[in-house]
Amino acid sequence: MSNSYECILTEVVGTGERKTGLIRLNRPKQLNALNDMLMDELGQALLAFDADEGIGCIVLTGSERAFAAGADIPTMAPHNFMSAFKSGLISKNWETILRVRKPVIGAVAGFALGGGCELAMMCDFLIAADSAKFGQPEIKLGIIPGAGGTQRLPRAVGKSKAMDMLLTARMMDATEAERAGLVSRVVPADQLMTEALAAAEAINGFSAPSTMLIKELVNLSFQGALSDGVAVERRYFHALFGSEDQREGMGAFLEKRAPKFQHR
Ligand code: CAA
């Protein structure tokens, strides 16, 4: 895979006329925690594959241990409301993936937590390894999801399961995720990439306008209030950087201790 980026690896794979653009998140020491550089690079790679006539489909994956363990907590922790709002925290580079017109398959092994779960949910469909674990644990940090978790998770798994996951921070394993409709298939971990690349190869063989239109129209069926909901979510996500509990939640994570929330 190519190393022209620092936080991701990219590769063109396949045997047919049109190929697959493979992107691997690559911050292994931080379990692929999503920082600014990674999100900038991911956006660049996605748009480059989208613009490449020789590419029919994109596969986005992480490592065996983690698709992504969420937004990068050490770089988020010092924010206050004004810095989060003014710098466009999340807003400025997390949603490039939604501008991609070709299908994007998420291949998820290990942890897909917080922003990692939200990034996975921005893919067009998900193939999970049996090791995959999904969750929105932001509440443990004294915040809430900021990249669509409160809006996309209920659409994917229904209200009750979404509330359960968002309010208790519990993780969902791959079997439960498939049963709930969050992922389209579960495969043994050692077959994840074979399965995802085979799905991509099948898509590559179909008419590009058909694949692009199917994507556009299925996504349209989920719109309406979604963008409004995500915008409102972002405002409150920023606002929580003005709370004492955000300081405590992220501080406790960084100091490797249990948080003591004061509910203010
Ligand atoms: N940001 C930065 N670093 C992270 C990270 C994150 N989100 N998640 C894990 N890491 C780092 C750890 O700090 C640790 O680094 P060190 O070795 O330097 O201490 C390394 O990755 C390995 O993690 P653990 O030792 O904790 O591994 P584990 O197997 O015991 O636990 C885990 C794995 C359950 C994923 C745990 O690391 C964890 O709970 N991570 C935080 C998950 C989280 O809260 N995600 C949400 C972030 S907020 C967000 O995403 C907001 C949003 O909506 C956009």
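Excluded from the calculations below are hydrogen atoms, water molecules and symmetry mates; all remaining heavy atoms, backbone and side chain alike, are included. Order of appearance sets the numbers: ligands from 1, and atoms from 1 within every ligand.
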(request) With sequence neighbours excluded, tell me which residues meet side chain to side chain contact (heavy atoms under 4.5 Å, CB included) with Lys19. (result)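 Once residues adjacent in sequence are excluded, the partners of Lys19 under the side chain to side chain contact (heavy atoms under 4.5 Å, CB included) criterion are Val12, Ile55.
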(request) Tell me, please, which residues at least two apart from Met37 pass side chain to side chain contact (heavy atoms under 4.5 Å, CB included). (result)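 Side chain to side chain contact (heavy atoms under 4.5 Å, CB included) list for Met37, sorted by chain: Glu6, Cys7, Asn35, Glu41.
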(message) Within the structure provided, determine whether Ile105 and Ile58 are in side-chain contact (heavy-atom separation under 4.5 Å).
(response)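 No; the side chains remain at least 4.5 Å from each other.
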Enumerate donor-acceptor pairs with a distance under 3.5 Å from any side-chain N or O in residues 122-130 to protein atoms, sequence neighbours excluded.
| from | atom 1 | to | atom 2 | distance (Å) |
| --- | --- | --- | --- | --- |
| Asp124 | OD2 | Val104 | N | 2.7 |
| Asp124 | OD2 | Lys215 | NZ | 2.8 |
| Asp130 | OD1 | Ala189 | N | 3.2 |

(request) Could you tell me the separation between the CH2 atom of Trp94 and the CD atom of Glu118, rounded to the nearest 0.5 Å? (result) 6.5 Å
(request) Verify, without hydrogens or angle tests, whether Glu201 (side chain) and Gly14 (backbone) share a donor-acceptor contact under 3.5 angstrom. (result)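 Checked: no pair found.
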Less than 3.5 Å apart, N/O on ligand 1 and N/O on the protein: could you list those pairs with the distances?
| from | atom 1 | to | atom 2 | distance (Å) |
| --- | --- | --- | --- | --- |
| ligand 1 | 1 (N) | Ile73 | N | 3.0 |
| ligand 1 | 7 (N) | Ala69 | O | 3.1 |
| ligand 1 | 7 (N) | Ala71 | O | 2.9 |
| ligand 1 | 19 (O) | Lys256 | NZ | 2.7 |
| ligand 1 | 21 (O) | Lys29 | O | 3.4 |
| ligand 1 | 27 (O) | Arg65 | NH2 | 3.3 |
| ligand 1 | 29 (O) | Arg65 | NH2 | 2.9 |
| ligand 1 | 45 (N) | Ala69 | O | 3.0 |
| ligand 1 | 50 (O) | Ala71 | N | 2.9 |
| ligand 1 | 50 (O) | Gly115 | N | 2.8 |
| ligand 1 | 53 (O) | Glu118 | OE1 | 2.7 |
| ligand 1 | 53 (O) | Glu138 | OE2 | 2.7 |
| ligand 1 | 53 (O) | Gly146 | N | 2.9 |

